[in-house]
Amino acid sequence: MKRVLSGIRATGRLHLGNYLGAVKGMLELQENSDYETFYMVADLHTITVPYEVEVLRKNRREVIIDYLAAGLDPEKSVIFQQANVPEHVELGYLFSSITTIAKMQHLPTFKEKVKQHPEHATMALLNYPVLMAADILIYKAGLVPVGLDQEPHIEVAREIARRMNQDYGTDFPEPKRFATPGQYVPSLTGEGKMSKSVEGSYVNLTDSLEEIKSKIAKIPTDSGKGSEIVGGVKTLMEFVELFEGKEKRSSFEEQYRTSGVRYSEIKEQLSEAIFKELEPIQKRRAELEKDTEYVDRVIREGAEKARKVARETVKEVREKMGLV
Ligand code: ADP
Ligand code: TRP
């Protein structure tokens, strides 16, 4: 069966960008019986930038709870924490032997993070894409549901797969990104993408209707009439399409060009539509927070299932590389 792998770093509560760009794709593939799905919390990737130990300890569990609340199902998917499968690190090391420093230094994600934390340009950060390739290829996954910003990393995984197959005769697939309609969710500020690291850019999955309304109200808009749809207005229209459908967007855009639109109504309806999608997730989350034993069991059993597959791949690669 074809395999799928994805992960999200343990940096806090998920937002709509994570949900629409990654989690929705994860859910879709979980429900497709052609695929065997592996979904992890990328806790080892979380320590590539400065972090606090207790915060990480909490967040690596919170993401598992977010996954379960959003509908990932341990009966259908292997749900686990990356650090519980140390084979990822071993395969990452083996992969680093065929990866040049120059290549890693030129990735936009590396440059951005070094800019953010100039005093923290570590080996782990440089190695980020190599470990990510190991995450994917250790399960021989051919499909990776992640947002558009992850494309350069998936490209590195393809290059590593190709190189390993050529040099050592392995049979790694060249993984492709699985894109969702929300593969690039814009920032509420009207500029760039929604991101945890940009204050005022995001709606969290745990936000109340009031919080959503107040955040959506802040999307910058104009007089409500014009010929060109750009900036905050375009952002608003994209959200309308994602939560209320293409037709609604077209009708508002038509009104914008003719009679004009009233943003207060559009924003009110949109906030309601967003909350309608999040409410059941929030209810499940509240239940899961109480059920410590269940969450512990999911984490334990997920690690066991993942390790079984991961061990096989590492054994094969060790043999092919002359380490057995
Ligand atoms: P952030 O940028 O908020 O720190 P992460 O880098 O932790 O988010 O991303 C986790 C997952 O969510 C990745 O698959 C990423 O592609 C996806 N993602 C993050 N932000 C967005 C967005 N604005 N639109 C679509 N997908 C996103
Ligand atoms: N780099 C991803 C992010 O920032 C997280 C991640 C780590 C990942 N390993 C992965 C995603 C493997 C997909 C597959 O969100």
Side-chain angles (χ1 to χ4, degrees), residues 3-27 29 37-49 51 56 59-60 62-63 66-67 70 78 80-83 85 88-89 91-92 95 107-110 112-113 116 124-125 127-158 160-161 173 175-205 235 238-239 242 306 310:
R3 296 220 182 99
V4 173
L5 176 119
S6 190
I8 296 183
R9 285 173 304 132
T11 45
R13 288 293 161 84
L14 299 192
H15 56 68
L16 284 183
N18 305 140
Y19 177 64
L20 298 170
V23 178
K24 276 218 151 173
M26 292 158 77
L27 284 165
L29 293 169
T37 44
F38 291 78
Y39 297 134
M40 61 168 205
V41 179
D43 46 13
L44 293 171
H45 280 102
T46 312
I47 68 168
T48 56
V49 291
Y51 74 102
L56 173 63
N59 284 340
R60 67 195 288 271
E62 293 290 319
V63 178
D66 280 328
Y67 278 169
V78 179
F80 66 102
Q81 294 161 322
Q82 182 188 31
V85 188
H88 289 222
V89 182
L91 189 63
F95 285 174
L107 283 176
T109 39
F110 177 73
E112 266 163 43
K113 286 283 186 291
Q116 277 172 24
L125 186 64
N127 204 52
Y128 188 116
V130 180
L131 179 60
M132 183 160 159
D135 297 336
I136 300 166
L137 298 175
I138 207 163
Y139 303 101
K140 302 196 176 173
L143 212 49
V144 186
V146 281
L148 185 62
D149 62 307
Q150 295 297 310
E151 190 60 47
H153 289 152
I154 309 289
E155 176 62 27
V156 170
R158 281 194 286 273
I160 289 180
K176 288 194 181 64
R177 191 170 65 87
F178 179 75
T180 61
Q183 63 168 336
Y184 182 91
V185 176
S187 161
L188 299 181
T189 61
E191 256 174 66
K193 75 158 192 133
M194 182 176 285
S195 170
K196 255 173 304 229
S197 48
V198 181
E199 207 40 59
S201 80
Y202 55 84
V203 168
N204 280 324
L205 295 194
T235 299
E238 278 170 19
F239 278 105
L242 286 166

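Because the structure is predicted, anything quoted here is derived from the model rather than measured. Whatever order the structure lists ligands and atoms in, that order sets their numbers, starting from 1.
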Got [X] and [Y] here, is their nearest side-chain heavy-atom distance under 4.5 Å?
{"X": "M132", "Y": "V156", "result": "no"}
{"X": "F239", "Y": "L16", "result": "yes"}
{"X": "L29", "Y": "Y39", "result": "yes"}
{"X": "D66", "Y": "Y19", "result": "no"}
{"X": "V85", "Y": "M40", "result": "no"}
{"X": "V23", "Y": "I8", "result": "yes"}
{"X": "T46", "Y": "R60", "result": "no"}

Which of the atoms in ligand 2, numbered in the order shown and given with their element, are less than 4.0 Å from a heavy-atom of [X]?
{"X": "R9", "value": "4 (O)"}
{"X": "V144", "value": "13 (C), 14 (C)"}
{"X": "V146", "value": "11 (C), 13 (C)"}

Pairwise distance [atom1]([X]) to [atom2]([Y]) - rounded to 0.5 angstrom:
{"X": "K176", "Y": "I154", "atom1": "NZ", "atom2": "CD1", "value": "12.0 Å"}
{"X": "E199", "Y": "S187", "atom1": "CD", "atom2": "OG", "value": "10.5 Å"}
{"X": "H15", "Y": "L20", "atom1": "NE2", "atom2": "CG", "value": "10.0 Å"}
{"X": "Y139", "Y": "T37", "atom1": "OH", "atom2": "OG1", "value": "12.5 Å"}
{"X": "R9", "Y": "Y128", "atom1": "CZ", "atom2": "OH", "value": "4.5 Å"}
{"X": "L56", "Y": "L44", "atom1": "CG", "atom2": "CG", "value": "9.0 Å"}

Practice item. Only one of D135, L137, I136 passes side chain to side chain contact (heavy atoms under 4.5 Å, CB included) with H88; say which it is. Key: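 Per the side chain to side chain contact (heavy atoms under 4.5 Å, CB included) rule, the option paired with H88 is D135, out of D135, L137, I136.
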
Check your understanding: Does even one non-hydrogen atom of D149 get within less than 4.0 Å of ligand 1?
Key ->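 D149 counts as a contact of ligand 1 under the 4.0 Å cut-off.
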
Check your understanding: Does ligand 1 have any atom sitting under 4.0 Å from a heavy atom of G182?
Key -> yes

Residue and atom name of the nearest protein heavy atom (relative to [atom]), distance in Å to one decimal:
{"atom": "atom 20 (N) of ligand 1", "answer": "K193 NZ, 3.0 Å"}
{"atom": "atom 6 (O) of ligand 1", "answer": "R9 NH2, 3.0 Å"}
{"atom": "atom 25 (C) of ligand 1", "answer": "Q183 O, 3.1 Å"}
{"atom": "atom 4 (O) of ligand 2", "answer": "Y128 OH, 3.1 Å"}
{"atom": "atom 7 (C) of ligand 2", "answer": "H45 ND1, 3.2 Å"}
{"atom": "atom 26 (N) of ligand 1", "answer": "G17 O, 3.1 Å"}
{"atom": "atom 9 (N) of ligand 2", "answer": "D135 OD2, 2.7 Å"}
{"atom": "atom 11 (C) of ligand 1", "answer": "N18 ND2, 3.7 Å"}
{"atom": "atom 14 (C) of ligand 2", "answer": "L5 CD2, 3.5 Å"}

Please could you name the atoms of ligand 1 that [X] approaches to less than 4.0 Å, counting only its heavy atoms?
{"X": "Q150", "answer": "16 (O)"}
{"X": "Y184", "answer": "24 (N), 25 (C)"}
{"X": "G21", "answer": "25 (C), 26 (N)"}
{"X": "G147", "answer": "14 (O), 15 (C), 16 (O), 26 (N)"}

Review point. Heavy-atom contact under 4.0 Å between Q82 and ligand 2?
Key: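 False for this residue.
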
Identity of the nearest option to [atom], non-hydrogen atoms only, from [options]:
{"atom": "atom 23 (N) of ligand 1", "options": "L14, V185, I8", "result": "V185"}
{"atom": "atom 10 (C) of ligand 2", "options": "R177, M132, H88", "result": "M132"}
{"atom": "atom 15 (O) of ligand 2", "options": "M40, H153, Q150", "result": "Q150"}
{"atom": "atom 11 (C) of ligand 2", "options": "A10, G21, G7, A141", "result": "G7"}

Examine [X] against ligand 1 and note whether any of their N/O atoms are separated by less than 3.5 Å.
{"X": "H15", "answer": "yes"}
{"X": "G7", "answer": "no"}
{"X": "P145", "answer": "no"}

Point to revise | Stepwise side chain to side chain contact (heavy atoms under 4.5 Å, CB included) check, N204 with Y202 | key: CA-CA 6 Å; N204 280 324; Y202 55 84; 3.6 Å; yes

Practice item. Please state which part of Y202 comes within less than 4.0 Å of ligand 1, counting heavy atoms only: side chain, backbone, both or neither. Key: neither

Review point. What are the two closest non-hydrogen atoms of A70 and L27, and how far apart are they?
Key: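 Answer, listing the atom of A70 first, then L27: O-CD1, 3.4 Å.
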
**Study point:** Per-residue contact class, L131 against ligand 2 - non-hydrogen pairs under 4.0 Å
**Key:**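 Neither part.
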
Exercise for review: Using a strict 4.0 Å threshold on nitrogen-to-oxygen distance, state whether E151 and R158 make a salt bridge.
Suggested key: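 Salt bridge between E151 and R158, a charged N being under 4.0 Å from a carboxylate O: yes.
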
Review point. Do any nitrogen or oxygen atoms of S6 lie less than 3.5 angstrom from nitrogen or oxygen atoms of ligand 2?
Key: no

